[in-house]
Amino acid sequence: MTTVFIISAPSGSGKSTLVSRLIAAIPSLMFSISYTTRKPRGTEIQDQNYHFITRAGFEEMIARGEFLEWAEVFGNYYGTHCGVLEEARRQGKDLVLDIDVQGARQLKCRIPEAVTVFILAPSRQVLEHRLRARGEDRDEVIERRLREAAEEISNYKAYDYVLINRDLAESDARLAAIVNAERVRRTRIEDQIRPILDTFSLPR
Ligand code: ADP
Ligand code: 5GP
């Protein structure tokens, strides 16, 4: 059974850092590579960080109904292809999505049992510092991302878990704890419980 983990955070909170470390550390997790019309940043690789496509290409995919969810964020389109969930199920892996609050809302409607995690930087000052230190965005882009952060944070109550990203190692451990706890949720392991009940001749 595939558990869907939806991770959202204002840009610069450390979401990509935490998600890539989580996937490297925990087995059987698949990262959902989104489609976007944003231009690649310096270190980003096509089809590894994102599938970078044109606006026209993205709009054709919307028209064909190929997205599980999509949204316009900072003037660019971002979307999750329907195929990623099928692929995760086929491979017997859990799926991790790094998507914004609009996408998270759409997906939670389609998959109510999805687990949602909101990552918060410890303060606006720390968030600004992280965005500037990353050195990937122009000043006006950083200003815009900071303005949007307040709006995104106001949605935190819609999430199951909130992770305050202070110390990286502490956040790694907490995110791993969330995944590991969800993996032993009763509803998820019914398949493993039933054969045990059989050995006690208990009704299923
Ligand atoms: P997001 O994906 O949320 O936009 P990033 O993962 O790119 O954010 O992180 C933004 C910057 O903050 C990066 O330079 C990253 O190395 C740094 N960073 C992430 N988490 C921490 C942390 N706990 N402490 C200090 N710096 C961090
Ligand atoms: P960035 O440009 O910093 O990589 O991402 C900007 C925002 O878009 C982040 O909040 C990120 O979570 C979100 N995002 C990335 N991929 C998707 C997606 O497929 N769908 C939605 N709705 N948001 C996404």
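As the structure lists them, so they are numbered: ligands from 1, and atoms in each ligand from 1.
Which parts of ligand 2 touch A71 is read off a 4.0 Å heavy-atom cut-off, strictly below it: atoms 22 (N). Those atoms of ligand 2 with a heavy atom of F74 less than 4.0 angstrom away are 6 (C). Ligand-side atoms of ligand 2 in range of T80: 19 (O), range being under 4.0 angstrom from any heavy atom. Near G103, with a cut-off below 4.0 Å to any heavy atom, the atoms of ligand 2 are 22 (N). Residue D98 has at least one heavy-atom neighbour below 4.0 Å for each of these atoms of ligand 2: 11 (C), 12 (O), 14 (N), 15 (C), 16 (N), 17 (C), 24 (C).
In this structure, the ring of Y77 has its center less than 6.0 angstrom from the ring center of F58.
Looking from atom 7 (C) of ligand 2 to the surrounding protein, the closest heavy atom is V73 CG1, 3.8 Å. Of all protein heavy atoms, the one lying nearest to atom 9 (C) of ligand 2 is K15 NZ, 3.4 Å. Among all protein heavy atoms, the one lying closest to atom 23 (N) of ligand 2 is D100 N, 3.1 Å. Residue, atom and distance of the protein heavy atom nearest to atom 20 (N) of ligand 2 are E69 OE2, 2.7 Å. For atom 3 (O) of ligand 2, the closest non-hydrogen atom of the protein is R41 NH2, 2.8 Å. Closest to atom 16 (N) of ligand 2, if we only count protein heavy atoms, is S34 OG, 3.1 Å. Shortest contact from atom 6 (C) of ligand 2 to any protein heavy atom: Y78 OH, 3.6 Å. Protein heavy atom at the shortest distance from atom 5 (O) of ligand 2 is Y50 OH, 3.4 Å.
Here the CD1-OG distance, from I164 to S123, works out to 11.0 Å after rounding to the nearest 0.5 Å.
With F74 as the aromatic partner, R145 meets the cation-pi criteria of under 6.0 angstrom to the ring centre and within 45 degrees of the ring axis.
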Q. Where do R188 and T3 land on the side chain to side chain donor-acceptor pair (under 3.5 Å) test, with the steps shown first?
A. CA-CA 8 Å; R188 187 192 150 112; T3 300; 2.5 Å; yes
Q: Please report the C-alpha distance between R132 and D137 in whole Å, then the side-chain angles of each, then the deciding distance to 0.1 Å, and finally whether the salt bridge (Lys or Arg N to Asp or Glu O under 4.0 Å) criterion is met.
A: CA-CA 8 Å; R132 295 200 186 283; D137 296 303; over 6 Å; no
Check ligand 1 for close polar pairs with the protein: N or O on both sides, less than 3.5 Å.
unit_1   : atom_1 : unit_2 : atom_2 : d
ligand 1 : 2 (O)  : S16    : N      : 2.8
ligand 1 : 2 (O)  : S16    : OG     : 2.3
ligand 1 : 3 (O)  : G12    : N      : 3.3
ligand 1 : 3 (O)  : S13    : N      : 3.2
ligand 1 : 3 (O)  : G14    : N      : 3.0
ligand 1 : 3 (O)  : K15    : N      : 2.8
ligand 1 : 4 (O)  : G12    : N      : 2.7
ligand 1 : 4 (O)  : R134   : NH1    : 2.8
ligand 1 : 6 (O)  : S16    : N      : 3.4
ligand 1 : 6 (O)  : T17    : N      : 2.8
ligand 1 : 6 (O)  : T17    : OG1    : 2.5
ligand 1 : 7 (O)  : R134   : NH1    : 2.8
ligand 1 : 8 (O)  : G14    : N      : 3.1
ligand 1 : 20 (N) : N165   : ND2    : 3.1
ligand 1 : 23 (N) : N165   : OD1    : 2.8
ligand 1 : 23 (N) : R166   : O      : 2.8
ligand 1 : 23 (N) : L168   : N      : 3.4
ligand 1 : 24 (N) : R130   : NH2    : 3.3

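Taking only nitrogen or oxygen atoms, main chain and side chain alike, Y35 does not reach within less than 3.5 Å of ligand 2. Polar contact with ligand 2: present for G79 (N/O pair, distance under 3.5 Å). Residue W70 places no N or O, backbone or side chain, under 3.5 Å from any N or O of ligand 2. At least one N/O-N/O distance between R38 and ligand 2 falls below 3.5 Å.
L120 and L127 are not part of a single hydrophobic cluster, where members link through side-chain heavy atoms under 4.5 Å apart.
Residues T80 and E69 bring a donor and an acceptor atom of their side chains to less than 3.5 Å of each other. Side chains of T2 and D94: no donor on one and acceptor on the other come within 3.5 Å. Donor-acceptor pairing under 3.5 Å is recorded for the side chains of Y161 and E182. Defined by atom type and a distance below 3.5 Å, a donor-acceptor pair is present between the side-chain atoms of Q91 and E87. If you check the side chains of N165 and S171, you find a donor sitting under 3.5 Å from an acceptor.
Under a 4.0 angstrom heavy-atom cut-off, R145 registers as being in contact with ligand 2.
No more than 12 heavy atoms of other residues, nucleotides or ligands lie within 6.0 Å of CZ in R89, so this atom counts as exposed by the packing criterion. In the displayed structure, R183 atom CZ is contacted under 6.0 Å by more than 12 heavy atoms of other residues, nucleotides or ligands. Under a cut-off of 6.0 angstrom, the local environment of CZ in R55 is crowded, with over 12 non-hydrogen atoms contributed by other residues, nucleotides or ligands. Heavy-atom neighbours of R64 CZ from other residues, nucleotides or ligands within 6.0 Å: above the threshold of 12.
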